[in-house]
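Along the sequence shown, residues are numbered consecutively beginning with 1. We count ligands from 1, going down the list as the structure has it; atoms in each ligand are counted the same way.
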Amino acid sequence: MTLTNFISFIGNADLSDPVNFTFFLGTMAMTAASAFFFLSLPQFDSKWRTSILVSGLITFIAAVHYYYMREAATSGGVTTEIRYIDWILTVPLMCVEFYLILKAAGATTKHLKTLIWASLVMLVTGYFGEVADSSTAMPALWGLASGIAYFYIAYLIKYGELAQLAASAGGAVEKAHKTLTLFVLIGWAIYPLGYMLGTADGQWYSFITAINLDMDVVYNIGDAINKIGFGLVVYAAAVASKK
Ligand SMILES: *C/C=C(C)/C=C/C=C(C)/C=C/C1=C(C)CCCC1(C)C
């Protein structure tokens, strides 16, 4: 069996295509990361265990969705719905991570609810934008609404009460909060880029297609950075607070 044969056997797809390849790699990376987080659970005390468990759930949910998205993409199908179901489950769980880390410092379920609502608004409006008629202004308008919700989330964690609670906690908690905030500010900014690439047709931002990347590739890169990276930050904070 040649390598090409083997690859088409496991993926049933041309892996020289960046969309297929990043879906394949994404499935593997998310699965491996989930195993890593789940298997590391016993080494932590109960204060951190839920946070690590949530890290593992985020990558595990993604792994399952990537398995199906890879299949859809390689058979010429659509990935949009699977993608957004994934995000609607995993992004609120990332909000839970912010809450869990700051819970001992005084974060309340009210903080959590606000974050979750804002993230749902961001994602639902984004979905409407992706399926909207590209010959109208709707993709731009839905994208704008989604962007406002995104900036609101960024504001809440960078300048809101959560930031103050993190500062008052200090140590590993403050450091983790700061790094997770950077993920939201920089890592999450990858997604609007993918959205613009995927909806550029007939829009004022069609110049973006000068970047010769498929929307799915950009989303896949964003997910790898944000889901695995985010989980590793939480893991590192848990390790640091053991000492
Ligand atoms: C694991 C998945 C994550 C962290 C997904 C995050 C998704 C976003 C931050 C999406 C944001 C969007 C905008 C800010 C505007 C355009 C529409 C979206 C939904 C792509």
Study note, to complete from the structure: Of G222, G194, P192, the residue with the heavy atom nearest atom 14 (C) of ligand 1 is P192

**Study point:** Option nearest atom 7 (C) of ligand 1 (shortest heavy-atom distance, choices F230, Y84, Y150, Y191)
**Key:** Y191

Interfacing atoms of ligand 1 (cut-off 4.0 Å, heavy-atom, [X]):
X: D223; answer: 1 (C), 2 (C)
X: Y219; answer: 20 (C)
X: T90; answer: 1 (C)
X: G126; answer: 17 (C), 19 (C)

Point to revise | Aromatic plane relationship, F128 with W142 - under 30° parallel, 30 to 60° tilted, over 60° perpendicular | key: tilted

Closest protein heavy atom (residue, atom, distance) for [atom]:
atom: atom 1 (C) of ligand 1; value: K227 NZ, 1.4 Å
atom: atom 12 (C) of ligand 1; value: S146 OG, 3.4 Å
atom: atom 9 (C) of ligand 1; value: M122 CE, 3.4 Å

Practice item. Please collect all side chain to side chain donor-acceptor pair (under 3.5 Å) contacts where either partner lies in residues 120-138, sequence neighbours excluded, each pair once. Key: E81-Y127, Y84-E130, E130-Y219, D133-S135

Using a heavy-atom cut-off of under 4.0 Å, does the side chain or the backbone of [X] touch ligand 1, or both, or neither?
X: V91; value: side chain
X: Y195; value: side chain
X: T125; value: neither

Review point. Does the gap between the ring centers of F98 and F230 come in under 6.0 Å?
Key: yes

Review point. Under 6.0 Å between the ring centres of F37 and F60?
Key: no

Review point. Looking only at side chains, do Y205 and T199 share a donor and an acceptor under 3.5 Å apart?
Key: yes

Check your understanding: Under 3.5 Å, side chain of Y66 to main-chain N/O of T31, donor-acceptor pair present?
Key -> no

For residues 156-174, which side-chain donor-acceptor pairs fall under 3.5 Å, sequence neighbours excluded?
from, atom 1, to, atom 2, distance (Å)
E161, OE1, H111, NE2, 2.7
S168, OG, L165, O, 2.8

Review point. In this structure, are over 12 heavy atoms from other groups packed under 6.0 Å from Y67 atom OH?
Key: no

